[in-house]
Asks: 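The following block contains the structure, expressed as structure tokens.
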Amino acid sequence: MRAFAWLSRLRKFSAFGLAGAMIASVSRATFTQKSFAEQFPLEEEIEEMSEPRHSHPANPTLTRVVADTLEEVCLAESDDVLLYAYVESCSKCKKLTTVINQVAKVFDDERHIVIASMDGDKNYKNGFFSDDVDDDFPIVVLYRAGEKKEQESSRLTSFSSPKAVVYPHSSARAEEIIRFLHTEGGVKFDLEKALQRSAELRGETRTELKKVIDTGLLENQSQIFQRGPCSGVLRELLFLVAYQTYTTPTDKDNKRIEVLQAERDKCFTQDRTYKYWEAIRNFSKSQLED
């Protein structure tokens, strides 16, 4: 598991313009294959690491955990604990963090539902995640209340990982994560009330999501899109598609996306657009050949 945090860092520094984006995409597809761990069994060779127990400021809604507090927090017998592990170099993680913060605020008043996050770059506990957990970030798993004492007894004799329910990532929206907790968790809560509270927080999440995307657009790889043809259309479309992915879209969002997609397709058929991307492709190719 820990190996993938370092691989994501390497991909970040290997990116070079359009060619770099293509390389990063290929490397991600390659290194997230499930056979990787079998081909390169690195886990036993990686030393455990942890940030200090109190290295993060107190947060009234989101519980920050480190490797040294994983068992203390996640295996609390009476709590449903949703653990979100991320790495700083993961662009999807940065967007999903805004959603996890939204979910944490929804359950602020629920004593036995804990929404926790951990920096995977700085914390690693050998054997804590089971083989059911995907080998790439972000990781979202649920440690269910009422099942942990029996598991702990078994773990002491068999050295097995604690049982977790893996969030299927079929949707990155807060509402779907809330429904997942309601279906899979051991702590009962008012689903309609939670969904209503989530809807109230949607605007705040979109504001934070926009900040994340704006920051990403400052990176070198994004400049080729911002300086090229159709940049205004692509920029607005980028925001709306992110809102559609990470928050519940409105009818207005969907209609605007259809208009922008038509404008984008029209723009891409123009000669100047072809010439621009051909120049980018040729430049990237020359850099790889040098």
Side-chain angles (χ1 to χ4, degrees), residues 18 21 24-25 28 61-62 82 84 86 88-108 115 117 136-140 167-184 189-219 221-270 273 276-277:
L18 181 62
S25 177
R28 178 178 177 83
T61 58
L62 186 65
L82 186 78
Y84 163 62
Y86 63 92
E88 290 294 339
S89 56
C90 163
S91 60
K92 182 177 180 180
C93 296
K94 293 173 183 177
K95 298 182 185 75
L96 188 58
T97 294
T98 66
V99 176
I100 295 298
N101 287 337
Q102 179 181 346
V103 174
K105 291 173 184 175
V106 168
F107 292 107
D108 186 22
I115 312 300
S117 70
D136 201 14
F137 293 92
I139 295 168
V140 181
Y167 182 66
H169 289 283
S170 55
S171 171
R173 299 172 187 166
E175 290 79 5
E176 295 309 313
I177 296 175
I178 291 168
R179 289 189 176 95
F180 168 75
L181 282 167
H182 189 262
T183 301
E184 299 292 345
F189 61 89
D190 187 330
L191 178 60
E192 293 306 316
K193 179 180 177 181
L195 292 175
Q196 181 180 351
R197 174 60 177 151
S198 180
E200 294 169 357
L201 294 165
R202 193 175 302 144
E204 184 178 323
T205 300
R206 287 192 171 198
T207 299
E208 294 304 311
L209 191 56
K210 185 178 185 300
K211 291 179 183 178
V212 170
I213 297 171
D214 276 332
T215 300
L217 289 174
L218 295 176
E219 296 178 355
Q221 290 183 38
S222 301
Q223 296 303 309
I224 58 175
F225 294 98
Q226 296 195 78
R227 296 175 186 271
C230 323
S231 59
V233 171
L234 290 173
R235 182 184 177 86
E236 186 179 354
L237 191 57
L238 179 66
F239 284 117
L240 285 173
V241 170
Y243 295 159
Q244 188 182 56
T245 303
Y246 293 93
T247 68
T248 301
T250 64
D251 290 340
K252 184 179 178 181
D253 291 336
N254 293 331
K255 290 177 181 178
R256 182 58 180 162
I257 286 175
E258 290 180 4
V259 170
L260 290 170
Q261 286 174 335
E263 291 182 12
R264 176 203 60 193
D265 294 344
K266 181 180 179 180
C267 179
F268 280 2
T269 62
Q270 297 175 2
T273 306
Y276 177 80
W277 288 112

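Both backbone and side-chain heavy atoms feed into the values below; hydrogens, waters and symmetry mates do not. Along the sequence shown, the residues carry numbers beginning at 1.
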Asks: Report yes if some heavy atom in the side chain of E88 is under 4.5 Å from a heavy atom in the side chain of F137; otherwise report no.
Replies: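 E88 does not reach F137 side chain to side chain.
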Asks: Kindly compute the distance separating CG (L96) from SG (C90), expressed to the nearest 0.5 Å.
Replies: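 Those atoms lie 8.5 Å apart.
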Asks: Between D253 and T250, do the side chains contain a donor N or O and an acceptor N or O under 3.5 Å apart?
Replies: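 Yes.
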Asks: Restricting to non-hydrogen atoms, name the atom on E175 and the atom on A199 that form the minimum distance, rounded to 0.1 Å.
Replies: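 Scanning both residues, the minimum pair turns out to be OE2-N, 4.4 Å.
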Asks: Mind checking whether L209 and F239 have side chains closer than 4.5 Å, heavy atoms only?
Replies: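 Of all side-chain heavy-atom pairs linking F239 with L209, none is under 4.5 Å.
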Asks: Taking the side chain from T245 and the backbone from V241, do they hold a donor-acceptor pair closer than 3.5 Å?
Replies: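 Judged by distance alone, yes, a pair lies under 3.5 Å.
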Asks: Residues in salt bridge (Lys or Arg N to Asp or Glu O under 4.0 Å) with D214, at least two apart?
Replies: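 Only K210, R235 meet the salt bridge (Lys or Arg N to Asp or Glu O under 4.0 Å) criterion with D214.
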Asks: Taking T98 for the side chain and K94 for the main chain, is one N or O donor matched with an acceptor at less than 3.5 Å?
Replies: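 No: the side chain of T98 does not pair with the backbone of K94.
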Asks: Compare all side-chain heavy atoms of R173 with those of R179 and state whether any distance is below 4.5 angstrom.
Replies: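 SC-SC contact between R173 and R179 ruled out.
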Asks: Is any side-chain heavy atom of V140 less than 4.5 Å from a side-chain heavy atom of F180?
Replies: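 Of all side-chain heavy-atom pairs linking F180 with V140, none is under 4.5 Å.
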Asks: About how many Å separate CD of E176 and CG of L195, when rounded to the nearest 0.5 Å?
Replies: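 The CG atom of L195 sits 8.5 Å away from the CD atom of E176.
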Asks: Does a side-chain N-to-carboxylate-O contact under 4.0 Å join E200 and K105?
Replies: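 Result for this pair is no, no salt bridge flagged.
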Asks: Within a strict 4.5 Å, meaning less than it, do heavy atoms of the Y246 and T205 side chains meet?
Replies: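 They are not in contact (no side-chain heavy atoms under 4.5 Å apart), so the answer is no.
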Asks: Under 3.5 Å, sequence neighbours excluded: what are the donor-acceptor pairs made by side chains of residues 256-266?
Replies:
from : atom 1 : to   : atom 2 : distance (Å)
R256 : NE     : E236 : OE2    : 2.8
R256 : NH2    : E236 : OE1    : 3.0
R256 : NH2    : E236 : OE2    : 3.4

Asks: What pair of heavy atoms forms the shortest contact from L62 to S117, and how long is it?
Replies: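 Smallest heavy-atom distance, with atoms named: CD2-OG, 3.6 Å.
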Asks: Within the side chain of Q102, is there an N or O that forms a donor-acceptor pair under 3.5 Å with the backbone of S198?
Replies: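 Yes; at least one donor-acceptor contact below 3.5 Å.
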Asks: In Å, rounded to the nearest 0.5 Å, how long is the span from CG of L234 to CG of L238?
Replies: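 Result: 8.5 Å between the selected atoms.
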Asks: Working to the nearest 0.5 angstrom, can you tell me the gap between L240 CG and K255 NZ?
Replies: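 Those atoms lie 14.0 Å apart.
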Asks: Please determine whether side-chain contact (heavy atoms from CB on, under 4.5 Å) holds for the pair Y86 and I100, giving the CA-CA distance in whole Å, both sets of side-chain angles, and the decisive distance to 0.1 Å.
Replies: CA-CA 11 Å; Y86 63 92; I100 295 298; over 6 Å; no
Asks: Rounded at 0.5 Å granularity, tell me how far CG in L82 sits from CZ in F107.
Replies: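 Rounded to the nearest 0.5 Å, the CG-CZ separation comes to 9.0 Å.
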Asks: How about N101 and T61: do any of their side-chain heavy atoms sit closer than 4.5 Å?
Replies: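 Sidechains of T61 and N101: no contact.
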Asks: Minimum heavy-atom separation for I213 and A242, please, with both atom names.
Replies: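 That would be CD1-CB, 3.4 Å.
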Asks: Mind checking side chain to side chain donor-acceptor pair (under 3.5 Å) for Q196 and listing every partner two or more places apart, or none if nothing turns up?
Replies: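 Applying side chain to side chain donor-acceptor pair (under 3.5 Å) to Q196 gives none.
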Asks: Check whether any side-chain heavy atom of V233 sits under 4.5 Å from a side-chain heavy atom of C267, and report yes or no.
Replies: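 Result no, sub-4.5 Å side-chain heavy-atom pair not found.
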Asks: Could you give the distance from CD1 (I115) to CG (L181), rounded to the nearest 0.5 Å?
Replies: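 Rounded to the nearest 0.5 Å, the CD1-CG separation comes out at 5.5 Å.
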